[in-house]
Amino acid sequence: MVTNLPIYLDHNSTTPCDPRVVEAMLPFFNSAFGNAASRSHAFGWQAEEAVKCAREQVAKLIGAEPGEIVFTSGATESDNLALKGVFEMYAGKGNHIITCNIEHKAVLDSCKHIEKLGGEVSYLNVKENGLIDLAELEAAIRPQTILISIMYANNEIGTIMPMKEISAIARKHDVLLFSDAAQAVGKIPVDVNKDGIDLLAISAHKMYGPKGVGALYVRRKNPRVKLTAQIDGGGHEKGMRSGTLNVPGIVGLGKACELCLLEMEEEAVRLSSLRDKLENALLQLDGTYLNGSREYRLPHTTNISFKHLESEALMMGFSKELAVSSGSACMSATPEPSYVLKALGLDDELAHSSLRFGIGRFNTEEEIDYAIDQITKTVSRLRESNPLREMYKNG
Ligand SMILES: *Cc1c(COP(=O)(O)O)cnc(C)c1O
């Protein structure tokens, strides 16, 4: 029996904190409340030690050195710091950045800002499967290119970019590579050295950690990457990001990374089998289509279009039972169809009839069965009352 309603199937938007993460964080709100920058007493040393441990946990998950981790307030800030920080620092070398048109708004809007400052940005299109074309990437590189910014995995369709191939191209042309990996880290193996990535953004709340904390990996050798700080002050985080460290949040991020490293492999097997069960059932319904690559994608995500049905109507139909999302949550305040789905070639109508399902650590098979039942019922109820149904049936 499914008792906790609505069932949360929107884990690409955010995840609940794992209880083990909460437990690790709790002492750092009161008994161990010290400022990690206080060098003169035990309160400060205790906080500093906890931050050091978290830095090691984060670094280990992505194959980095602890000294290469800069703590931030989340992936949005990490994206801003990577893009604007490289743009400012490498102004003497060039002003051109290459990215793609299905990046998160934190990347796209940072690029817009950089364009206002005199930077030039090339926005690569993606293919129908949601991946960039490597030949197009290489052709876009100019002598002034200082940075390639390609997300590791997409938040709406879950597709995984070919990072190793992308980094080989970046290396060949001596261009830095940044990747927004907020959706990938903790879900699939990410290794900054094997993948050849120079800067990488992480967010705790996408991997069962707390909201408002994240990190930016900044490579220290081969090559040593330098950044212009975007938040100035007390010189914390080697001067790259000032501000008193969010010690409980950082401890939570560290614990979340440790758990993902231990459990990711097994969890991915379980989640992908639940995802496939849900997806296969929904794709049996009339007029449903899978969006993005079936092959190159996160284990827990699926994005499906329901032709002639509006995603808003679908979600209203089962809002007491299921929590899912249409397009990205950041966009759901606006009536615009998802720019990610449009970039795949979907027309406005089909983009408006798409739902994203993100299965998570605490979902059960019973919940997935229940979800399949609820969605199936809602789809047939709406199709019955939909005047387009006859037209659709008659072609
Ligand atoms: C969630 C997300 C972000 C923003 O992360 P915050 O920590 O919420 O600022 C950036 N990029 C991607 C791909 C995301 O999924």
Side-chain angles (χ1 to χ4, degrees), residues 8-17 21 58 62 69-84 99-113 123 126 130-132 149-161 163 166 177-188 190 197 199-217 230-231 241 243 246 248-250 252-254 256-257 260 292 296-303 324-333 338-341 343 356-360:
Y8 188 73
L9 295 176
D10 196 15
H11 289 83
N12 300 73
S13 271
T14 193
T15 58
C17 251
V21 168
V58 175
I62 59 168
I69 304 299
V70 175
F71 289 116
T72 66
S73 64
T76 297
E77 186 189 331
S78 298
D79 288 347
N80 274 262
L81 176 56
L83 288 153
K84 296 174 185 174
T99 187
C100 81
N101 59 3
I102 64 164
E103 293 288 315
H104 192 271
K105 283 288 175 188
V107 167
L108 294 175
D109 288 352
S110 293
C111 287
K112 291 276 171 290
H113 183 92
Y123 301 89
V126 293
L131 306 187
I132 60 164
S149 170
I150 300 290
M151 68 199 323
Y152 210 115
N154 182 268
N155 42 304
E156 288 192 41
I157 50 179
T159 47
I160 300 169
M161 292 289 190
M163 295 315 300
I166 293 169
L177 175 61
F178 164 58
S179 187
D180 175 346
Q183 293 287 341
V185 170
K187 313 291 168 43
I188 55 170
V190 170
I197 293 168
L199 301 113
L200 182 113
I202 299 175
S203 177
H205 78 94
K206 302 285 174 71
M207 48 190 288
Y208 307 93
K211 291 167 184 57
V213 60
L216 180 66
Y217 158 79
Q230 301 299 306
I231 299 181
R241 202 280 192 179
N246 170 6
I250 288 168
L253 169 59
C257 288
C260 285
Y296 304 105
R297 62 175 166 157
L298 297 170
H300 63 294
T301 310
T302 184
N303 187 306
V324 305
S325 148
S326 65
S328 93
C330 316
M331 299 299 292
S332 56
S338 151
Y339 65 90
V340 173
L341 296 176
R356 175 185 69 184
F357 301 90
I359 299 168

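Counting starts at 1 for both ligands and their atoms, following the listed order. Quick caveat, the model's predicted, so the values are computed rather than measured. By convention here, the first residue in the shown sequence is residue 1.
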Suppose we measure from atom 5 (O) of ligand 1 to each protein heavy atom; which comes out shortest, and what is that distance?
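Minimum-distance protein heavy atom for atom 5 (O) of ligand 1 reads A75 CB, 3.2 Å.
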Minimum-distance protein heavy atom relative to atom 7 (O) of ligand 1
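Nearest protein contact, heavy atoms only, for atom 7 (O) of ligand 1 is S203 OG, 2.6 Å.
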In ligand 1, which numbered atoms sit nearer than 4.0 Å to a non-hydrogen atom of [X]?
{"X": "G74", "result": "7 (O)"}
{"X": "T76", "result": "4 (C), 5 (O), 6 (P), 9 (O)"}
{"X": "N155", "result": "13 (C), 15 (O)"}

Measure the NZ-SG distance between K84 and C111 for me, rounded to the nearest 0.5 Å.
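K84 NZ to C111 SG: 10.0 Å, rounded to 0.5 Å.
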Check A182 against ligand 1 and report side chain, backbone, both or neither, counting heavy atoms closer than 4.0 Å.
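Just the side chain.
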I'd like the name of whichever of V213, N154, I102, D180 reaches closest to atom 10 (C) of ligand 1 through any heavy atom.
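Among V213, N154, I102, D180, the closest heavy atom to atom 10 (C) of ligand 1 belongs to D180.
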Evaluating non-hydrogen atoms only, which member of H205, K211, K206 is closest to atom 14 (C) of ligand 1?
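Minimum heavy-atom distance to atom 14 (C) of ligand 1 goes to K206.
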N or O pair under 3.5 Å between M151 and ligand 1:
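No - when backbone and side-chain N and O of M151 are compared with those of ligand 1, no distance drops under 3.5 Å.
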Check whether any N or O atom of E77, backbone or side chain, sits under 3.5 Å from an N or O atom of ligand 1, and answer yes or no.
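There is no such contact.
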Identified side chain to side chain donor-acceptor pair (under 3.5 Å) counterpart of R356 within the set S326, S13, S338
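Answer after filtering S326, S13, S338: S13.
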Are any non-hydrogen side-chain atoms of N246 and P248 less than 4.5 angstrom apart?
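They are in side-chain contact.
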Name all residues meeting the side-chain contact (heavy atoms from CB on, under 4.5 Å) criterion together with S149; count only those two or more places apart in sequence or in a different chain, and write none if there are none.
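For S149, the residues satisfying side-chain contact (heavy atoms from CB on, under 4.5 Å) (neighbours in sequence not counted) are L83, T99, E103, V107, F178.
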Listed by chain and number, what are the side-chain contact (heavy atoms from CB on, under 4.5 Å) partners of A153, not counting sequence neighbours?
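Partners of A153 under the side-chain contact (heavy atoms from CB on, under 4.5 Å) test: I160, Q183, A184, L298.
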How far apart are the closest heavy atoms of D79 and A106, and which atoms are they?
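Residues D79 and A106, closest heavy atoms: OD2-CB, 3.3 Å.
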Is K187 close enough and on-axis enough to Y152, meaning under 6.0 Å and within 45°, for cation-pi?
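So K187 doesn't make the cation-pi contact.
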